[in-house]
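A quick write-up on the structure given underneath.
Numbering of ligands and ligand atoms starts at 1, following listing order.
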Amino acid sequence: MTSKDYIELDEKYGAHNYHPLPVVIAWAEGCKLRDPEGKSYFDFLSAYSAVNQGHRHPKIVAAARAQLDLVTLTSRAFHNDRTGLFLKKLCDFTGFEMALPMNTGAEAVETAVKAARRWGVEKKGVRNGDQEIVCAEGNFHGRTLAAISMSIDQDSLVNYGPYVPGFKKVPYGDAAAIEAAITPNTVAVLIEPIQGEAGVVVPPEGYLKAVREICTRRKVLFVCDEIQTGFCRTGRRFAWQREEARPDIMCLGKALGGGILPISAIVADREVMEVFTPGTHGSTFGGNPLAAAVGIAALEVLEDERLDERAESLGEVFRAELSKVRCPKMRLVRGRGLLNAVVFEEGFEAWDVCLALRDAGLLAKQTHGNIIRFAPPLVISEREMGEAIAIIVKTLEKIR
Ligand SMILES: *Cc1c(COP(=O)(O)O)cnc(C)c1O
């Protein structure tokens, strides 16, 4: 079968809830992908930053293989000999006291919302049903009903009502707007430290620190969605660390699964996490032994290979080289670490640029029509980065 045949199968039998770039991946390793015809590409999306450790990292694959021969799923009705080790590792890595494992990122967000609402009643004295959460315009928190109820993106929202109430939306990057939206019923402020899906929107310096200060002063939980920004992507283990704006709850996902399994979690200190008691929340697959083994290896790779430092230094190189590009349609290059975007003028269709990049051997995807995100696996070598930058520069300079 050819790439064309595989694409036809997807189109015929799959719901059309995505519009993928016309390319088929049949093999992957590190930061490289290959199609069925044998053409090779740099991966500059990393499955939306779920593959920070690179495709099929040998250490993570070995951990999965070993665990497949022992036990893979028990549910949380019984203990197993992996989940606790994973939770400890995750707490050590993040610096929080407790963790609650789920599977997808959207479930981690859902878990954080539930934790905050319950905390609001049990620790702050808000009446059940009155809890409010302040969130930011332009956010992406996943696809569940609660997550889309926080969204302002029409595609994500339309005809899915009734929406989950209790969310107040304020402009992103504006700490004063958050302060003004807080009422005695507010239980949490939920934001991304950098808005990934919005096009790598980096908030003004001091924003996260200001949000932290406001939340502390107004007795509101600061919830940080680090699902895309976390695990070394932005040049720190977590993006809030750049301003030392430690949240009360952190939502984690994507790279926690090492590019192998969907693994997500929230982490928090005991004072917050203790609002969950037996029967009040759960997941059949959350923290399963296979996921736990993979999660431990995924965290060890980030640590052992110092991928935060790699992302920081290669990110500097990337932005420096890209900002020298001469392209009349380009407006700016922005990002932190290896989460970057090129923004074109309003109305410009970046889809054709993605097709040209594909033909030149590099895969990236536009967001919001006129923005292309560039986020390679963090294990990319300096030499590979040089080659990839050359492809991007050459392609961008051809745009008229
Ligand atoms: C991807 C993402 C999610 C949702 O994760 P899923 O695993 O797709 O459910 C939530 N928040 C942010 C910031 C994300 O980037």
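Using a 30° and 60° split on the angle between ring planes, Trp240 and Phe238 fall in the parallel class, below 30°.
When side chains are defined from C-beta on, Leu221 does not count as touching Leu190, because their heavy atoms never get closer than 4.5 Å.
Sorted by chain then number, the residues whose non-hydrogen atoms approach ligand 1 to under 4.0 Å are Thr104, Gly105, Ala106, Phe140, His141, Gly142, Glu192, Asp225, Ile227, Gln228, Lys254.
With respect to Phe96, the side chain to side chain contact (heavy atoms under 4.5 Å, CB included) criterion is satisfied by exactly one of Met273, Arg246, Arg270: Arg246.
Applying the side chain to side chain contact (heavy atoms under 4.5 Å, CB included) rule to Glu312 yields the partners Arg236, Arg242, Glu316; only residues at least two apart in sequence or on another chain are considered.
Atom NZ of Lys32 sits in a crowded spot, with more than 12 heavy atoms from other residues, nucleotides or ligands closer than 6.0 Å.
Contact detail for Ser3 and Glu37: the closest heavy-atom pair is OG-OE1, 2.6 Å.
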